[in-house]
Amino acid sequence: MTAVRRQKDIANTAKAAGDDVLRREAQYNIERYQAAYDRITDKAMLTPDKSRMRVSGFRSVSIRPAGDSGVPVGAKNAVRNTGKMVHYDRNASYSIRLEGYSDEVNAGLSRAIKNVALKGSDTGCEHMYLVNLVTGELDFYETNNQFASVGYGFRKYIKTHGKRQYAFVHNHNTDGSFSEADMQTLLTVAEIPIMIAARNDGIIYVAERAAGPLKTGLFDSLYPNEIETLNNRLRNGTITMSQRAREREEMLVQNLLRDYTKGGKLIEYGK
């Protein structure tokens with residue numbers, strides 16, 4: 001609480017001095033500390049009391065520069081895949097409701113989504129849970145303390161806990177939706193028919209596998225014509241190696257969603 005008050009004092013001083021950069025930096029720190037407080041109180045099942053965080057004259061400010069169009073205002077029109085950082089939003093719901101699953105399961109999914117977003121915004125790393133699709137319990141948690149990847153030990157956990165079905169719930173620290181690694185887990189691990197990527201800011205992306213797992217994780221082999229087109233463009237100098245890598249992943253993710261998930265696209269939940 002003291003850290004929040006100190007940052008609010010800094011923000012007030014920056015506002016008086018006309019220093020918008022310092023003011024936004026202080027606002028970012030305020031949101032980060034408040035997210036950590038929310039995470040602790042949520043874990044302890046306590047009611048947050050933020051009265052001691054109040055500072056006279058303080059008014060919050062957007063942490064993004066004026067004119068920045070990367071501020072998402074809802075799932076359907078959220079800007080995504082630009083690589084911009086996103087942070088915990090106390091006004092977002094962080095909840096979903098998937099058809100065909102019980103209230104307990106949907107409550108567990110929503111709890112996991114909020115938890116990973118809080119942890120991600122607080123630490124700048126990715127975090128994940130395996131949510132049991134029968135009980136709704138958060139059966140397994142993991143972080144690798146990395147900014148853009150998570151999930152190694154969960155495979156060993158699955159092998160030692162029978163034929164249970166799980167949703168893989170993890171956070172994204174940027175405005176990205178799904179990665180090739182996300183699709184690898186969803187489409188090749190039999191026990192994980194649901195993949196959820198929760199942006200720290202409350203935009204949530206969900207995909208549910210349409211059938212059983214694929215027999216191959218070598219996704220390039222599923223789309224040889226598209227891969228050959230990319231290779232030709234690389235050879236003739238139309239695109240660089242880094243552009244090819246980016247376009248390849250985007251193509252694979254979109255095609256895999258279209259061909260192997262229910263509805264053929266991401267399910268999106270907003271704030």
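Positions are given from 1, in the same order as the sequence printed here.
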With the threshold set at 4.0 Å, does a side-chain nitrogen-carboxylate oxygen contact exist between [X] and [Y]?
{"X": "Arg235", "Y": "Glu228", "result": "yes"}
{"X": "Lys119", "Y": "Glu126", "result": "no"}
{"X": "Arg248", "Y": "Glu180", "result": "yes"}
{"X": "Glu268", "Y": "Arg80", "result": "yes"}

Is there a donor-acceptor contact under 3.5 Å linking the side chains of [X] and [Y]?
{"X": "Tyr94", "Y": "Asp201", "result": "no"}
{"X": "Arg199", "Y": "Tyr205", "result": "yes"}
{"X": "Asn173", "Y": "Asn200", "result": "yes"}

| field | Check: Glu208 side chain, Ile194 main-chain N or O, donor-acceptor pair, under 3.5 Å | value |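 Answer holds: no.
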
Measure centre to centre between the rings of Phe140 and Phe154, then say whether the value is under 6.0 Å. no

Checking Tyr157, Tyr166, Tyr141, Phe168 against Tyr129 for ring-ring contact (aromatic ring centres under 6.0 Å, His included), the one that qualifies is Tyr141

Shortest non-hydrogen pair, Ile239 vs Leu230, comes out as CD1-O, 3.8 Å

Closest heavy-atom pair, Leu133 versus Val105, reported as atoms and distance to 0.1 Å, is O-CG2, 3.4 Å

- request: May I ask you to decide if the ring planes of His170 and His172 are parallel, tilted or perpendicular, using 30° and 60° as cut-offs?
  value: perpendicular

Would you say the side chain of Phe178 lies within less than 4.5 Å of the side chain of Gln254, judging by non-hydrogen atoms?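 No, every pair of side-chain atoms sits at 4.5 Å or beyond.
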
